[in-house]
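The structure appears right after this line, and notes come after that.
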Amino acid sequence: MKKIVILFLMIHLYSFGQKKVSVKIDHRIEAVSIFYTLATMDTLDVKPTPSIYYKQFSQYFANCRNHQSLDWYRNLNVWDGYDLSSIGLYLSDGYPFKLKIPYSGSQLRSSEISVFLEKFNAFYKDCRVDRFLKAHKEDYARIVEFAQDQIMASNLLNDVEKFYHKQKKEEIIIFVDLLNNLGNNAISVDDKTFKEKKMFKLAYLKDKNIIQTDDSKVTFVPLPNIVIHEVSHLYLNDFIPLYRERLSKKKNIFLITAKGEKLKESEWENELDELIVRVCVSKIMGEKYGPEAELKEVENQSKHFKYFKEIHSFFSLYTEHKSRYKSISRFYPEIVDYLETLN
């Protein structure tokens with residue numbers, strides 16, 4: 001079989017302090033997403049968002065839903081999460097897919113990568129996934145262009161940089177995952193190919209404010225709070241490493257949720273990172289969209305993070321007195337001091 005034409009559909013946005021931002025649909029990510037969706041869709045309660053694309057997907061692969069590779073995956077003891085499709089970035093550009101770079105990620109938990117690729121390649125060939133991808137090349141281009149226009153019009157990335165007052169040289173890459181109606185995820189690939197790149201995958205989430213049917217075109221509007229959230233990780237990723245020893249002494253306060261649930265000790269860094277990022281997201285949403293948008297974020301996040309409201313209130317020292325700080329980094333020592341007062 002001939003190798004398919006790479007469907008890397010990229011649009012560059014030169015704003016955000018001349019930072020390069022690209023929105024992409026990667027044919028490898030989409031192919032793994034197709035595999036995962038077909039294997040799990042009869043069991044998972046959350047289905048892909050209704051659209052013409054989803055309808056065509058369902059029709060095209062109707063005769064492949066019981067493919068032996070899909071049955072193999074269904075019968076595994078453990079399934080992977082919606083971030084599985086990110087492993088596409090490790091793969092060669094076309095069939096038969098092989099590891100282009102050594103796999104070092106955590107997305108694949110169900111089997112060894114070699115076994116997964118054997119099953120995935122068989123499915124890809126037998127079900128002619130390449131034909132489906134080629135048939136939607138123009139759709140992918142339209143979706144990417146629309147997402148680009150939305151990001152440019154929102155000016156979100158400049159708002160984020162203004163809030164942190166801190167320049168980062170990394171390229172930001174946004175991958176669109178059309179069959180994912182579950183959640184978004186950051187992507188980290190330990191390889192020189194992806195050095196100085198901040199990548200995250202955005203799901204095509206169902207919009208409760210509009211009616212979406214099998215006859216709806218995919219209209220991918222990146223949600224502001226999600227974009228702000230993922231980009232904020234880029235600006236705050238040095239906080240914990242700089243103060244890990246001091247912060248580790250308070251790790252227990254980050255491991256108790258607002259409902260009193262005790263998390264695993266190994267999760268404390270991730271919980272703290274998410275807590276600080278989400279506090280900043282609420283502040284940025286308030287600056288851009290007003291107090292109501294900020295309050296909505298605070299109320300939502302307080303359902304999980306025990307000290308969210310207190311830390312959000314403390315961050316007013318930064319937002320109301322930015323002239324004191326050349327960047328968010330200058331505020332770090334005060335954040336640590338405050339966290340050490342919590343019990």
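Heads up: numbering here begins at 1 and tracks the sequence.
Annotation for His312 and Lys283: closest pair O-CE, 3.2 Å, computed over non-hydrogen atoms. Scanning all heavy atoms of the two residues, the minimum distance from Glu30 to Tyr140 falls at CG-OH, 3.8 Å. For Thr37 against Pro48, the heavy-atom pair with the smallest separation is CG2-CG, 3.8 Å.
Contact check for Tyr90 versus Ile113: no side-chain heavy atoms found under the 4.5 Å cut-off.
The six-membered or imidazole ring of Phe116 lies away from that of Tyr103, with a centre-to-centre distance of 6.0 Å or more. Centroid-to-centroid, the aromatic rings of Tyr318 and Phe163 come within less than 6.0 Å. Taking the ring centroids of Tyr338 and Phe315, they lie at or beyond the 6.0 Å cut-off. If you look at Tyr53 and Phe132, their ring centroids are closer than 6.0 Å.
Annotation: Asp337, atom CG; neighbour count of heavy atoms from other residues, nucleotides and ligands within 6.0 Å is above 12. No more than 12 heavy atoms of other residues, nucleotides or ligands shown are found within 6.0 angstrom of NZ on Lys296. Residue-environment remark: NZ (Lys326) stays at or below the threshold of 12 foreign heavy atoms within 6.0 Å. Enclosure of atom CZ in Arg109 by more than 12 non-hydrogen atoms of other residues, nucleotides or ligands within 6.0 angstrom is indicated. No more than 12 heavy atoms of other residues, nucleotides or ligands lie within 6.0 Å of NE2 in His165, so this atom counts as exposed by the packing criterion. Counting heavy-atom neighbours within 6.0 Å of Ile211 CD1, excluding the residue itself, gives a total of 12 or less.
For the 3.5 Å distance criterion, the side chains of Thr193 and Asp191 qualify, holding a donor opposite an acceptor. A side-chain donor-acceptor contact under 3.5 Å links Tyr73 and Asp80. Under 3.5 Å, the side chains of Glu334 and Tyr325 contain a donor-acceptor pair of N or O atoms. Using a 3.5 Å distance cut-off with no hydrogens or angles, the side chains of His304 and Glu261 do not pair a donor with an acceptor. Residues Asn184 and Glu230 have side chains that never bring a donor and an acceptor to within less than 3.5 angstrom of each other. Side chains of Asp177 and Ser33: a donor on one and an acceptor on the other come within 3.5 Å.
When hydrophobic clusters are built by joining Ile, Leu, Val, Met, Phe, Trp and Tyr residues whose side-chain heavy atoms come closer than 4.5 Å, directly or via intermediates, Leu295 is not grouped with Ile311. Both Leu317 and Phe239 are members of a single hydrophobic cluster when ILVMFWY side chains are connected at heavy-atom separations under 4.5 Å.
In this structure, CG in Asp26 is found 10.0 Å from CD1 in Ile173, a value given to the nearest 0.5 Å. One finds the CG atom of Leu84 at 11.0 Å from the CG atom of Asn180 (value rounded to the nearest 0.5 Å). For the atom pair Gln68 CD and Phe123 CZ, the distance stands at 12.0 Å (nearest 0.5 Å).
Between the side chain of Lys309 and the backbone N or O of Ser302, no donor-acceptor pair lies under 3.5 Å.
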